[in-house]
Amino acid sequence: MDECLNIASSIEALSTLDSITLMYPFFYRPMFEVTEDGWNSYLPEQEFELLSSETDEWRLSHVNQDFLVCPSYPSVVVVPKSIDDESLRKVSQFRQGGRFPVLSYFHRKNGMVIMRSSQPLTGTNGRRCKEDEKLINATLRPGKRGYIIDTRSLNAAQQARARGGGFEQEAYYPQWRRIHKSIERYNILQESLIKLVEASNDQSNNMDRWLSKLEASNWLTHIKEILTTACLAAQCIDREGASVLVHGSEGMDSTLQVTSLAQIILDPKCRTLRGFESLVEREWLQAGHPFQQRCAQSAYSNSKQKWEAPTFLLFLDCVWQILRQFPCSFQFNERFLITLFEHAYASQFGTFLGNNALERAKLKLQQKTMSLWSWVNQPTELNKFLNPLFEANGLVIWPSVAPQSLQLWEGVFLRWNRSSKYLEDAYEEMIHIIEYNKELQVKVNALRRQLAELETEDGALETP
C-alpha cells in the first residue's frame, strides 16, 4: 500500500507542474487530420451575428481590447447599444474585479435577457453608480420589472457589504426585485467532493454506511440548489416575461452555473452537441471561469488547495440530471459530458488551460496547442458522442428538482465499480441494437419497394 501511495503522489506531482508551458498540451502533436480549427469555432463575433439578426438593441464593445478594464473578461463583450464605452469603464470600477454586467442570453420568444456580473462595491456607505443603474435599466422594456438573482444568502451578502462589496440598493434600482438563492462555493464544495469520492470507493458493502456517507457528502443537495436557482432564472424569463441579472461575489463560479443551466432549460440549441460546445466556450471559457485554479489537481485528490472547487463538475452533473429526465431532448450523450469532465482536469488539448482569455493570449495557446473542439468535431469522434434517442424538441424543458428525481452520477463516481461497468456495457449494447434495428428497417423498406415493383410488373405476387 505504501508503494501504491508513493506512485500516486508521484503522478500527482508530475501532473501539477508549476509552469503551465511544461504541460503536455504544449508538446502534443495530433495523430489525426485537423479539418476544423476549434480555436475559431465559437468566436464572440460569430455569436453576435446570430443575435443581431434577432434584435438591434445590443452591440459588440471592444472596451476591454487590452484586458485593462476587466482582466477576467474576453476582449469583446455584448452590451446594450445605448451604453457607451466610457460608461462601461465607470461601471467596471463599481463592480468587483471590473466584471460589469454583460449579455449572457437573449430569449427569442419574448426578447427578455439574462445578464451576468460580479457584486457591486456598495460598501457600508451605500455607494452608488448612476452609470451602473443606467446600464441595468437599459435591458428593461417600458413598464417591465426585472429580477436580480444573488447566488449568496442575504447574510453572506451583508457580510460582503461590510468588506466593501454588497448588493443593489432598492432605492437606486426600484424596477428590480432582488432574490437571494444560496449556492455554496470553494472549500465547502471541495469537502463535499472528497466525502463523495470516499463514499464511492467504500468497499464495506454496508448499505447503511453507504447511504449515510452519501448523505453526509451533501453533493446531491448542492445539485438541487443549483438546479433550483437555474429553474428560477428560466421561469423569470419564460413565464414572468422579465429580464434577469445574475451575480454572486466574483461572478465566476455559481453565477456561470446558473446562467448556463438556465440556457439549457430555455434554448433547444444549447441541447445540441455544437450548441453545448458553444455554451461551454461562451459561458465558461470566455466568461473567465478560472479552470487552471479550480481544476489544478485530480478531482479525486485529497490534498486540495483553497482556490480549488468542482464548480464545472457540478455543472456537468446538473446537465446529466436534466439529460436523464429528458433522454430524447439532447443530441449528445453521457459520454460527451464525461469527456468534458476528464479534459477539464487532464488533457492533451489546450482548451482548458489558463484562467481567462488574457492568460490564454499570453500563453499563445491558439498558436502552440490544439483545441479540444478540433478533435471532438471530427466525424469519426463526433458519432461516439451522439444520442441515438435524440428528437429535436423546440420547447422549454422543466427539470424536476424533487429529491426523488436526483440521482448519483454513476458514470463519474462509480466508474470503476463493476456494476457501473456492466451498466455502461449494457448501454453500449442498447445503442448497437438501436443502430442495427435502423439498418434492418432500411433493408425491410428496400425489400418492400422491390416487392411493389414486382407486383406492378407481374401482377399479383405471393408475399414470401
Side-chain angles (χ1 to χ4, degrees), residues 101-110 112-118 146-153 177-185 188-189 192 218-272 275-276 278-280 282-284 287 289 309-326 329-330 332 337 340-341 393 395-403 405-407 409:
V102 295
L103 180 69
S104 174
Y105 171 67
F106 176 84
H107 196 43
R108 288 166 178 77
K109 176 181 168 184
N110 57 14
M112 297 300 109
V113 299
I114 297 177
M115 297 187 77
R116 50 177 161 76
S117 70
S118 59
Y147 290 89
I148 296 172
I149 297 179
D150 193 324
T151 61
R152 307 165 293 179
S153 66
R177 181 189 166 196
R178 196 176 71 250
I179 303 172
H180 290 273
K181 300 292 287 184
S182 178
I183 296 176
E184 299 292 356
R185 298 176 304 148
I188 292 174
L189 297 182
S192 179
N218 278 326
W219 185 262
L220 291 177
T221 303
H222 300 317
I223 295 288
K224 184 179 187 301
E225 288 169 352
I226 297 164
L227 278 174
T228 301
T229 310
C231 286
L232 173 65
Q235 190 173 357
C236 292
I237 294 285
D238 189 66
R239 293 185 174 174
E240 300 284 328
S243 288
V244 174
L245 169 66
V246 183
H247 71 72
S249 297
E250 296 90 351
M252 296 189 292
D253 290 276
S254 55
T255 298
L256 305 183
Q257 289 172 331
V258 172
T259 57
S260 46
L261 285 168
Q263 291 179 56
I264 285 168
I265 293 167
L266 292 167
D267 188 1
K269 181 188 168 188
C270 293
R271 304 194 287 268
T272 65
F276 191 78
S278 172
L279 181 74
V280 169
R282 188 178 68 248
E283 289 297 297
W284 289 88
H289 177 67
T311 311
F312 187 63
L313 172 56
L314 269 164
F315 160 68
L316 293 175
D317 199 330
C318 288
V319 176
W320 177 78
Q321 301 286 345
I322 306 174
L323 168 61
R324 198 182 55 78
Q325 293 183 28
F326 296 91
S329 295
F330 287 80
F332 53 87
L337 297 176
L340 291 180
F341 155 64
N393 174 10
L395 302 174
V396 175
I397 55 176
W398 298 104
S400 168
V401 294
S405 303
L406 304 178
Q407 292 186 11
W409 190 2

Taking atom [atom1] of [X] and atom [atom2] of [Y], what is their separation to the nearest 0.5 Å?
{"X": "C318", "Y": "H222", "atom1": "SG", "atom2": "NE2", "answer": "11.0 Å"}
{"X": "L406", "Y": "S400", "atom1": "CG", "atom2": "OG", "answer": "7.0 Å"}
{"X": "C231", "Y": "I322", "atom1": "SG", "atom2": "CD1", "answer": "7.0 Å"}
{"X": "Q321", "Y": "L323", "atom1": "CD", "atom2": "CG", "answer": "10.0 Å"}
{"X": "L279", "Y": "K269", "atom1": "CG", "atom2": "NZ", "answer": "10.0 Å"}
{"X": "Q263", "Y": "I114", "atom1": "CD", "atom2": "CD1", "answer": "6.0 Å"}

What verdict does the side-chain contact (heavy atoms from CB on, under 4.5 Å) test give for S243 and M115, after you've listed the backbone C-alpha separation in whole Å, the side-chain angles of each residue and the deciding distance to 0.1 Å? CA-CA 8 Å; S243 288; M115 297 187 77; over 6 Å; no
State, to 0.1 Å, how close [X] and [Y] come at their nearest heavy-atom pair, and which atoms those are.
{"X": "Q407", "Y": "R324", "result": "NE2-NH1, 3.3 Å"}
{"X": "Y147", "Y": "I179", "result": "CD2-CD1, 3.6 Å"}
{"X": "A234", "Y": "I265", "result": "CB-CG2, 3.9 Å"}
{"X": "W219", "Y": "L189", "result": "CZ3-O, 4.5 Å"}
{"X": "S104", "Y": "E283", "result": "OG-OE1, 2.8 Å"}
{"X": "S249", "Y": "S118", "result": "O-CB, 3.2 Å"}

Basic-acidic side-chain contact under 4.0 Å: E240, R177: no
Is D238 salt-bridged to K109, going by a charged N under 4.0 Å from an acidic O? yes
Please tell me whether D253 and Q257 have a donor and an acceptor in their side chains that are separated by less than 3.5 angstrom.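 No.
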Is it the case that E184 and T221 place a side-chain donor and acceptor less than 3.5 Å from each other? no
Derivation and outcome, side-chain contact (heavy atoms from CB on, under 4.5 Å), residues L232 and V244: CA-CA 10 Å; L232 173 65; V244 174; over 6 Å; no
Looking only at atom types and distance, does a side-chain atom of R271 sit under 3.5 Å from a main-chain N or O of N393, one as donor and one as acceptor? yes
Keeping R282 on the side-chain end and S260 on the backbone end, is there a donor-acceptor pair under 3.5 Å? no
Do [X] and [Y] have side chains that approach each other closer than 4.5 Å (heavy atoms only, starting at C-beta)?
{"X": "E225", "Y": "S182", "result": "no"}
{"X": "R152", "Y": "H247", "result": "yes"}
{"X": "L220", "Y": "P403", "result": "no"}
{"X": "F332", "Y": "L340", "result": "no"}
{"X": "L245", "Y": "P101", "result": "yes"}
{"X": "I223", "Y": "W320", "result": "no"}

Using ring pair (Phe, Tyr, Trp, His ring centres under 6.0 Å) as the criterion, list what pairs up with F312, not counting sequence neighbours.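 Ring pair (Phe, Tyr, Trp, His ring centres under 6.0 Å) list for F312, sorted by chain: W284, F291, F315, F352.
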Partners meeting ring pair (Phe, Tyr, Trp, His ring centres under 6.0 Å) with Y105 (sequence neighbours left out): H107
With sequence neighbours excluded, tell me which residues meet side-chain hydrogen bond (donor to acceptor under 3.5 Å, both in side chains) with T255. none
The single option from T151, T311, T229, T259 that satisfies side chain to side chain donor-acceptor pair (under 3.5 Å) with S254 is T151
For the pair F276 and V319, evaluate side-chain contact (heavy atoms from CB on, under 4.5 Å) and give the outcome as yes or no after the intermediate values. CA-CA 10 Å; F276 191 78; V319 176; 4.0 Å; yes
Could you walk me through whether S153 and H180 pass the side-chain contact (heavy atoms from CB on, under 4.5 Å) check? CA-CA 5 Å; S153 66; H180 290 273; 5.7 Å; no
